[in-house]
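Inspection log for the structure reproduced underneath, given as structure tokens.
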Amino acid sequence: MKILFQGDSITDAGRNRADYHDLGNGYPKYAAAFIKEKHPEIEFEFVNLGISGNQTRDLVNRLDKDFLEINPDIVSILIGINDVWHNAGNKTWIPDAIFEERYRTVLAAIKEKTNAKIMIMEPFLIPCVDKAFFREDLAPKIEIIRKLAREFADVYLPTDGLLASAYIGDYPLTYASDGVHPTAKGAEFIGKLYAEYIDKLI
């Protein structure tokens, strides 16, 4: 069973891009370990093609080579925070309609041209003073992703909400010191959620 991890730096997590089986140091590494532990009877191939800095437009540009040609059994997508962050300086936010069109293009192609099951992961923002205003744009984009998930996803992982729950009685920045890039603790937490949610597709 081939599982493809797609996204930005949160998925990339320092992987060796010369070897797409290298999972980096983020949630894919933890997710793969949890999945293999739970299903020792299955031979898995894990592929990580997350690229640091990517936005939805980059996934559109990489669609043929890094989605369709890989032809996974399951693909997970975690994208969206850079669509917000890279336009946060002057709040020149990407219009929601354009964001939705780009994400929809990727999802529709996967549905139409592969037999892959789709797990959509919600982008998240961990409470951090200097990035708190990102919510202004991230919140409506999460709603768009939830709408697209109802149309295209086989599984939806509500990462932002589940992280918010995890902070109760804990310090949020221990999950991601800059509010975006998970620490080892954050990556393991997301990896465990990933393995739990994807299990219905295995």
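By the 4.5 Å heavy-atom criterion applied to side chains, F124 and L78 are counted as neighbours. Using a 4.5 Å heavy-atom cutoff, the side chains of K91 and E136 are in contact. Using a 4.5 Å cut-off on side-chain heavy atoms (C-beta onward), V155 and I198 make no contact. Looking only at side-chain heavy atoms (C-beta outward), P123 and K141 stay at 4.5 Å or farther from each other. For the pair D73/I3, no side-chain contact is recorded, criterion being any heavy-atom separation below 4.5 Å from C-beta on.
Shortest non-hydrogen contact noted between F67 and I110 is CD2-CD1, 3.7 Å. Among all heavy-atom pairs drawn from L23 and A32, the shortest one is CD1-CB, 3.5 Å. Contact between Y156 and A149 at its shortest, heavy atoms only, is CD1-CB, 3.3 Å. Residue A116 comes nearest to P72 through the heavy atom pair CB-O, 3.2 Å, listed as atom of the first residue, atom of the second, then distance. The two residues Y197 and P158 have their closest heavy-atom pair at CE2-CD, 3.7 Å. Pairing each heavy atom of V180 with each of P182, the nearest pair is O-CD, 3.3 Å.
Linking ILVMFWY side-chain heavy atoms closer than 4.5 Å, directly or via other members, places I126 and Y171 in a single hydrophobic cluster. Neither Y30 nor L162 shares a network with the other; the hydrophobic side chains, linked directly or stepwise wherever heavy atoms of I, L, V, M, F, W or Y lie under 4.5 Å apart, form separate groups for each. There is a path of hydrophobic side-chain contacts, each under 4.5 Å, that joins V60 to I120. In terms of hydrophobic clustering, with Ile, Leu, Val, Met, Phe, Trp and Tyr side chains grouped at heavy-atom distances under 4.5 Å, V106 and I94 are assigned to a common cluster. No chain of hydrophobic side-chain contacts below 4.5 Å, direct or via other Ile, Leu, Val, Met, Phe, Trp or Tyr residues, connects V129 to V84.
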Item to check | Steps toward salt bridge (charged side-chain N to carboxylate O under 4.0 Å, His left out) verdict (R62, D58) | outcome: CA-CA 6 Å; R62 297 199 284 121; D58 300 296; over 6 Å; no
Item to check | Pair Y27-T11, side chain to side chain contact (heavy atoms under 4.5 Å, CB included): steps then yes or no | outcome: CA-CA 7 Å; Y27 76 86; T11 303; 2.6 Å; yes
Checklist entry - Does the side chain to side chain contact (heavy atoms under 4.5 Å, CB included) test come out yes or no for H21 and E45, once each step is laid out? => result CA-CA 8 Å; H21 292 119; E45 179 184 4; 2.7 Å; yes
Let me check something: any side-chain donor-acceptor pairs from residues 184-193 under 3.5 Å, sequence neighbours excluded? List them with distances.
| from | atom 1 | to | atom 2 | distance (Å) |
| --- | --- | --- | --- | --- |
| K185 | NZ | D170 | OD1 | 3.3 |
| K185 | NZ | D170 | OD2 | 2.7 |
| K185 | NZ | T174 | OG1 | 2.9 |

In a table with atom names and distances, give each donor-acceptor pair under 3.5 Å that connects a side chain of residues 33-40 to protein atoms at least two apart or in another chain.
| from | atom 1 | to | atom 2 | distance (Å) |
| --- | --- | --- | --- | --- |
| K38 | NZ | D199 | OD2 | 3.3 |
| H39 | ND1 | E41 | OE2 | 3.4 |
| H39 | NE2 | D199 | OD1 | 2.5 |

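Although no hydrogens or angles enter the test, the distance criterion places no donor-acceptor pair under 3.5 Å between the side chain of R15 and the main chain of Y20. D154 contributes no side-chain N or O that, together with a main-chain N or O of K117, makes up a donor-acceptor pair within less than 3.5 Å. A donor-acceptor pair under 3.5 Å is absent between the side-chain atoms of D160 and the main chain of L163, judged by distance alone. Between the side chain of K2 and the backbone N or O of V47, no donor-acceptor pair lies under 3.5 Å. Of the possible polar contacts, none joining the D8 side chain to the I79 backbone as a donor-acceptor pair under 3.5 Å is found. When atom types are taken as modelled, the side chain of N87 and the backbone of W93 share no donor-acceptor pair closer than 3.5 angstrom. Remark: side-chain polar atoms of T105 are paired, donor with acceptor, to backbone N or O of E101 under 3.5 angstrom. The closest donor-acceptor contact from the side chain of T159 to the backbone of L157 lies under 3.5 Å. Of the possible donor and acceptor atoms, one in the side chain of D22 sits under 3.5 Å from a partner among the backbone N and O of N16. Using a distance-only test at 3.5 Å, with no hydrogens or angles considered, a donor-acceptor pair links the side chain of D83 to the main chain of T56.
How far CD of E143 is from CD of E100: 12.0 Å, rounded to the nearest 0.5 Å. Separating the CD1 atom in I77 from the CD1 atom in I145 is a distance of 10.0 Å, to the nearest 0.5 Å. The CG atom of D12 sits 9.0 Å away from atom NE2 of H181, with the distance rounded to the nearest 0.5 Å. Within the model, atoms CD1 of I70 and CD of Q6 stand 8.5 Å from one another, a figure rounded to the nearest 0.5 Å. Rounding to the nearest 0.5 Å places CG of L125 at 8.0 Å from NZ of K131. Rounded to the nearest 0.5 angstrom, R17 CZ and N48 CG are separated by 9.5 Å.
Evaluation of the salt bridge (Lys or Arg N to Asp or Glu O under 4.0 Å) rule for D178 yields no partner, not counting sequence neighbours.
Within a 6.0 Å radius of CG in D19, more than 12 heavy atoms belonging to other residues, nucleotides or ligands are found. The 12-atom threshold is exceeded at CD of E151, counting heavy atoms of other residues, nucleotides or ligands nearer than 6.0 Å.
For Q55 and R102, the side-chain atoms include no donor-acceptor pair closer than 3.5 Å. With hydrogens and angles left out, the side-chain atoms of Y194 and S76 include a donor and acceptor closer than 3.5 Å.
Aromatic ring orientation, F46 versus F44: parallel (interplanar angle below 30°, classes split at 30° and 60°).
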